[in-house]
2 protein chains.
Amino acid sequence: MEDQLEAEAADGTTAERTAPRKRQARGERRIAEILAAAARVLAAQGYEKTTTNAIAAEAGISPGSLYQYFRNKDEIAAELATTYAAGLRAAHEAAFDLTDVTNLTPGETIDRVIDPILAFNLANPGFKALHARPDMPPGLAAATRPIHDALLGRVISLLKTRFPERSLVELNLAGQLMIQVVQAAMPSVTTADADERPVIITEVKRMLGAYLRELAER
Amino acid sequence: MEDQLEAEAADGTTAERTAPRKRQARGERRIAEILAAAARVLAAQGYEKTTTNAIAAEAGISPGSLYQYFRNKDEIAAELATTYAAGLRAAHEAAFDLTDVTNLTPGETIDRVIDPILAFNLANPGFKALHARPDMPPGLAAATRPIHDALLGRVISLLKTRFPERSLVELNLAGQLMIQVVQAAMPSVTTADADERPVIITEVKRMLGAYLRELAER
DNA sequence: GACAAACACGAGCGATCACTCGCATTCTTT
DNA sequence: AAAGAATGCGAGTGATCGCTCGTGTTTGTC
């Protein structure tokens, strides 16, 4: 990561990105610590009730130091949302092989889409506090939207290969509804005892499966 | 409404409710105005961002006058939640005749349950800002819970008559999931253009219908 | 070792919010 | 009409929050 030392002078535009001037190992670590702390506080308190002082305290630094790395509270949340988006996308791409979609049963397809989302939500409790809450500042919504759009796009393209006879508006609506259902059930899953979760998850999958069958026979 | 003048002296316990001491026509009106104003602000801003000063301004009174009638912000919200609960219950009871449940098709049953909820949500935009938001103070959650419980009880008893062979835990889970689905789709419905709404509503009902069919064949 | 940039601190500023208090006004009762 | 309770006001209080600033400490570079 330190292999470019003075090869950036030629390019003035990205100079601040590739090599600000000198050393940043400590700072880089701090940023990660702050984001981890913010995720923890966010998961416990929700966005509105999360204070920057609480994040700083959780990270073990002073409030002032926090603003050495982030312009304001929203930027911390936006950065975290971006990180989550990347993580969720990665989780999906790892569990999902686009080539063999056609020879999966509907139930298997549902599993392939739902399970990574569930696992991600269980592993990242702070995610849902950041994802499409209605009381968010518009700047943050911009960072949050790509997560939703990427997932929606994936679901729609999946529906398209499985129901080529359906119109795109129809599939769009179906995709949005299915995502809403999973999101709606998510709090129940994450707050339930670990041994209750499979029951809830099975039920959600049954509903989605039934809906897909209805879509096929329509 | 002013037919009890001095017939309350016999009952000491409910004296403050029926006749505090003297005159309250103006005050009674104010309370209604404050609640209406609070509903408007709540619908536009959400619970956390709603300030008591904004409610007072919307009601056309001073912040001080607000506290003549309510102890604090939460009490306003709680009172409003209670009002909503009564309204929703009334809407349901008007649209719902428990006697002829058995000779309705599943689709009709779904309409009977869903339509009043939809109508109520469209007519009372402030309702969803108050209903089971995760960032609410515990005191408010207490006022909000009866709404959910009443609805859940109604749905479950309905499922019980239609699926007597299913266990109660199973029906409980099914009822909760179905309610979650309707609630999850509600923002899409209320924010959509009026001509888009039927499409979304139809789709939600299709999903619920498909799920009920799956529940029957299970 | 000298210098400057990066990093860290924490008291505190300005704004906001829920709520109070002293006082003025309106209404009811006698 | 006089008393007093109900109603109304709005500046102000104390608490909290996001964020800044002056200052001090660490760390890489020469």
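In what follows, chains are A, B, ... by sequence order, proteins preceding strands, each numbered from 1.
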Which nucleotide sits closest to the side chain of [X]: [options]?
| X | options | value |
| --- | --- | --- |
| A/T51 | C/dA18, D/dG18, D/dC9 | D/dG18 |
| B/Y67 | C/dC19, D/dG18, D/dC9 | C/dC19 |
| B/R26 | D/dT7, D/dT20, D/dG10 | D/dT7 |
| B/R30 | D/dC19, D/dG8, C/dC19 | D/dG8 |

message: At 4.0 Å (heavy atoms only), tell me whether B/G27 reaches a base, stays on the sugar-phosphate, or touches nothing.
response: sugar-phosphate
Length of the line joining [X]:[atom1] and [N]:[atom2], which is rounded to integer Å:
| X | N | atom1 | atom2 | answer |
| --- | --- | --- | --- | --- |
| A/I34 | C/dC7 | CD1 | P | 11 Å |
| A/I61 | D/dT25 | CD1 | P | 19 Å |
| A/E48 | D/dT16 | CD | C1' | 14 Å |
| A/E28 | C/dA6 | CD | C1' | 13 Å |
| A/K49 | D/dG18 | NZ | C1' | 18 Å |
| B/N53 | D/dA11 | CG | P | 11 Å |
| B/L66 | C/dC21 | CG | P | 16 Å |

query: Does any N or O in the side chain of A/K73 come within less than 3.5 Å of the main-chain N or O of A/T50, such that one atom is a donor and the other an acceptor?
result: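 Side chain of A/K73 to backbone of A/T50, a donor-acceptor pair under 3.5 Å: yes, one is there.
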- prompt: Toward the 5' end of DNA chain D, which comes first, A/S65 or A/A54, by nearest nucleotide?
  reply: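 Closer to the 5' end of DNA chain D: A/A54.
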field: Point-to-point distance, once rounded to the nearest 0.5 Å, from CZ of B/R40 to CG of B/L35
entry: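 Answer for the CZ-CG pair, B/R40 versus B/L35, is 10.5 Å.
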- request: Step through it carefully: locate the ring centre of A/F120, locate the ring centre of A/F127, and say whether they are under 6.0 Å apart.
  value: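 Aromatic pair counts; centres sit under 6.0 Å.
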field: Basic-acidic side-chain contact under 4.0 Å: B/K205, B/D115
entry: yes
- prompt: Ion pair present between A/E93 and A/R154, side-chain N to carboxylate O less than 4.0 angstrom?
  reply: yes
message: Using OP1 and OP2 only, check whether a side-chain N or O of B/T52 sits under 4.0 Å from C/dA18.
response: yes
task: Could you tell me whether the side chains of A/E75 and A/Y67 share a donor-acceptor contact shorter than 3.5 Å?
output: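 There is no such pair (donor and acceptor under 3.5 Å, judged by atom type) between the side chains of A/E75 and A/Y67.
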B/Q176 and A/S188: side chain donor to acceptor below 3.5 Å: no
field: Contact list for DNA chain D against residues 68-84 of chain A - heavy-atom distance below 4.0 Å
entry: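 Per residue number, the list reads A/N72, A/K73.
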